[in-house]
Structures are given as structure tokens and as C-alpha cells.
Amino acid sequence: MTENLIRPARPEDAPGVVALRAVVHPYLVRGVESTRRMIAQPPPGEDWAAWVAEADGQVVGWVSAYRNSHTSEANVGEVSTLHVHPAHRLRGVGTALLDAALGHLRHIGAKRLLTWSQPESLPFARRHGFAPSRELRYSALDLRPAPPMPEPPPGVRLLPAAEVDPRRIHRVDAEASVDEPGDVPTDALGYEIWHHEVWENVGLDRDASTLAEVDGTLAAVSLVKRDGDRMWSDFTGTIPGHRGRGLAGLAKRAALHRAAANGVRTAYTSNDEANGPMLAINTRLGYRPVGSQWSCLRDLD
């Protein structure tokens, strides 16, 4: 039996990491260059670290761990995207990767942990002290033929992110996500971390990402990250004072149109089970379910 090596991830692992993710999580969209940058230039202030499992020179497992800097809750750590190639499961690889992540989180002082698990992996999560909390639903939309560009109502403009000051986009993103359903509030999204993770992400499609402006005020946003002919709707939302007018749906339809016009063929997204408004928007747009994960929580001694 081939021995699996658990080691810190290196930038040159990016192609193998992306290939592994395509097998286990085909609905996630992060390309090779974006993954390479994530490993080489981790987000500031998060104490981000990642590990791979290697067998015969191939990446067969991955996990990352970091401090959640988007929430005001203290000492929240995350174990992100722990997954192992199906051919290498039941050999202790997942446990070894999790042990590496937990050791790192203890070192940086995390006390409350959040992770995600596919439904079939929930027994593994429970064995390691995690309790399932919320369902996250993944869905896909075929963009062939390209959806039409929506006609905005009077007083509303649909602007590509490439034409907007990123600080203004950050304000909309931060305000719209404050009450996003989840296990911890997203109420501390600072500009520095947002600029690194979103604006400087090499996968961000600034031409497709769309802002809805109402009488000069940015009111809604739909961000697009892209890899080849696949895209991910990173976040779509409306600031509280402008909700109930269909602006998020308007921005998302414009973003989908612009992405499709530039060669994107499939759009993916995810929504918390409690996010009724966005689930309704996606249903109307024609998204179909393709998978789910459960958020899972535990305390760290």
C-alpha cells in the first residue's frame, strides 16, 4: 500500500489541488492561478495555512485552516474544504489532514471551529466532535443560450465592477452581507481583507461583476469569479435600505448575461437553506440543485 505523505501545501501544488477538487467538489470554481496565489500569498490577518496529502507524487488530499476575520465573534477558526480522493479514503488520510488543521488552529488560539461536510461525510465529522448545523445548497445554471440583458427601471443603472471604485463596492458587499444567514455573523469585513480576497483575486471577472446604482447610490452587487467557461456567483446582495425592489435579481441577471456573452457556459452558486430570497431568485433564473454541504461546529480545547 502506498504511504501517504502529509505536508504543507506549496504553490506548485496548485494544478494537483484543482484536479482533486474537480473530482470531489465539481461545483466549486477556483482556477489554478487563483489557487497558486492563495497558497503563495495567504490573506492578511487570518493565519491561513494549508496541507496536502501526497501519494506517488500526486495530490490526493487537501485542507486549509485559518482565523475567521469576517466576524466580530472572537476566536473563530475554520477548517476549509477538507477532502480526499475517493481512491485514497479509509486509510486515515482525512484524519491526518484534520489533525494538522486542528494543531494549527490551537496554535493561533481558535476556540470555536466551523467546517463543512458533504452529507456522506457527516459520520466522519461527528466522530471528530463536530455537530451538523446548517445545510448549504449548491446549484448550477446552463448559460446556453445566453440570458438576455435586463432592462433596468428608471433611476437604476447597471454598472460593471471594472468601472466602479473598489472601496464603494466593498461598502455594498459589507453592508449587504451583515445579516447573511450563517453560524457566525459576517459583520467585520474590513477593506484590506476584502481587497485581497475579492478585488485582487485573479479569478474575479470585473467586467461581468455588476453593481446596481439607484440615483447615484450603489445599492446591490453581484460578484463573479471565473475559471475558463465556468463561473461562481461569489456574492449577490442588496443593502438593507434598498431591499424589496428586485435589485439583487437585476444585478445577478446582468452579471450572468455579461459572463455568458464573454464565453462562460455554466454558472454555479451556493445558498444557505435559510436564505429564502436568494433561493427564490435562483429558482426563477433556472438554477438546478447539484449538491449540498452541512456546516458543522465544535469547540476546541
Side-chain angles (χ1 to χ4, degrees), residues 4 6 9 16-30 35 38 46 48-53 59-68 70-71 73 75-106 108 110-140 180-186 232-235 268-275 278-279 287-301:
N4 292 284
I6 308 298
V17 172
V18 171
L20 171 66
R21 190 184 303 126
V23 173
V24 184
H25 298 290
Y27 41 78
L28 298 182
V29 179
R30 183 188 282 272
T35 301
M38 179 176 64
E46 289 192 344
W48 186 95
W51 297 262
V52 298
V59 173
V60 299
W62 162 274
V63 69
S64 65
Y66 54 92
R67 184 190 317 279
N68 185 327
H70 295 189
T71 183
E73 287 196 17
N75 303 319
V76 176
E78 300 203 10
V79 179
S80 181
T81 330
L82 169 59
H83 57 294
V84 177
H85 193 285
H88 292 264
R89 293 174 183 169
L90 303 177
R91 302 180 186 180
V93 178
T95 297
L97 287 167
L98 179 60
D99 286 345
L102 295 181
H104 175 70
L105 291 170
R106 286 191 180 93
I108 66 175
K111 300 298 182 184
R112 189 183 186 207
L113 303 189
L114 173 64
T115 192
W116 289 264
S117 171
Q118 292 177 312
E120 61 270 23
S121 298
L122 285 174
F124 174 88
R126 290 189 176 99
R127 286 198 303 272
H128 290 278
F130 287 91
S133 176
R134 313 174 67 90
E135 185 183 12
L136 188 67
R137 303 174 186 176
Y138 291 87
S139 55
E180 184 82 359
D183 293 295
V184 296
T186 307
W232 177 260
S233 289
D234 192 51
F235 177 72
Y268 295 90
T269 193
S270 67
N271 300 103
D272 185 278
E273 62 180 347
N275 195 343
M278 279 310 305
L279 286 168
Y287 279 85
R288 57 181 177 82
V290 292
S292 69
Q293 292 195 64
W294 282 80
S295 68
C296 298
L297 300 167
R298 67 164 278 188
D299 294 329
L300 187 61
D301 300 328

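In what follows, residues are counted from 1 in the order of the sequence shown. Nothing here was measured: the structure is a model prediction, and the numbers come from that model. Computed from heavy atoms alone, side chains included, the values below leave out hydrogens, waters and symmetry copies.
- Of all non-hydrogen atoms in Glu135 and Ser292, the two that sit nearest each other are OE2-CB, 3.5 Å.
- Relative ring orientation between Phe124 and His128 is described as tilted, the plane-to-plane angle lying within the 30° to 60° band.
- For the pair Leu136/Ser295, no side-chain contact is recorded, criterion being any heavy-atom separation below 4.5 Å from C-beta on.
- The side-chain heavy atoms of Arg91 and Val84, taken from C-beta on, include no pair separated by under 4.5 Å.
- Between Leu279 and Tyr287 there is no side-chain heavy-atom pair separated by less than 4.5 Å.
- Listed for the Thr71 side chain is a donor-acceptor partner under 3.5 Å among the backbone atoms of Pro185.
- Side chain of His70 to main chain of Asn68: no donor-acceptor pair is present (N/O by atom type, distance under 3.5 Å, no hydrogens or angles).
- Note: Leu113 CG to Asp299 CG = 7.5 Å, rounded to the nearest 0.5 Å.
- Considering every non-hydrogen atom in both His104 and Ala65, the closest pair reads CD2-O, 3.8 Å.
- Under the 4.5 Å side-chain criterion, counting only non-hydrogen atoms from C-beta, His25 is in contact with Gln118.
- For the atom pair CG of Asn271 and CZ of Arg137, the computed distance is 9.0 Å after rounding to the nearest 0.5 Å.
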Pair Leu28-Thr81, side-chain contact (heavy atoms from CB on, under 4.5 Å): steps then yes or no: CA-CA 10 Å; Leu28 298 182; Thr81 330; 4.3 Å; yes
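- Nearest heavy atom pair, residue Asp301 against residue Arg106, reads O-NE, 3.6 Å.
- With rounding to the nearest 0.5 Å, the separation of CZ in Phe235 from CE in Met278 is 8.5 Å.
- A 4.5 Å side-chain heavy-atom check between Glu73 and Lys111 finds every atom pair outside the cut-off.
- The two residues Val63 and Ala101 have their closest heavy-atom pair at CG2-CB, 4.2 Å.
- A donor-acceptor pair under 3.5 Å is absent between the side-chain atoms of Ser233 and the main chain of Thr269, judged by distance alone.
- Ser121 is not listed as a side-chain neighbour of Trp294, based on a closest heavy-atom distance of 4.5 Å or more.
- Annotation: side chain of Ile6 is not in contact with side chain of Asp99 (no heavy-atom distance under 4.5 Å).
- Distance check: Arg89 CZ to His83 NE2 gives 9.0 Å after rounding to the nearest 0.5 Å.
- Minimum interatomic distance between Arg112 and Asp183 (heavy atoms only, all atoms of both residues): NH1-O, 3.6 Å.
- Using a 4.5 Å heavy-atom cutoff, the side chains of Ser64 and Trp48 are in contact.
- Between the side chain of Arg67 and the backbone N or O of Ile108 there is at least one donor-acceptor pair closer than 3.5 Å.
- Annotation: the span from Glu78 atom CD to Tyr66 atom OH amounts to 4.0 Å, rounded to 0.5 Å.
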Trace of the side-chain contact (heavy atoms from CB on, under 4.5 Å) decision for His85 with Val23: CA-CA 7 Å; His85 193 285; Val23 173; 4.2 Å; yes
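- The two residues Leu97 and Trp62 make their nearest non-hydrogen contact at CD1-N, 3.6 Å.
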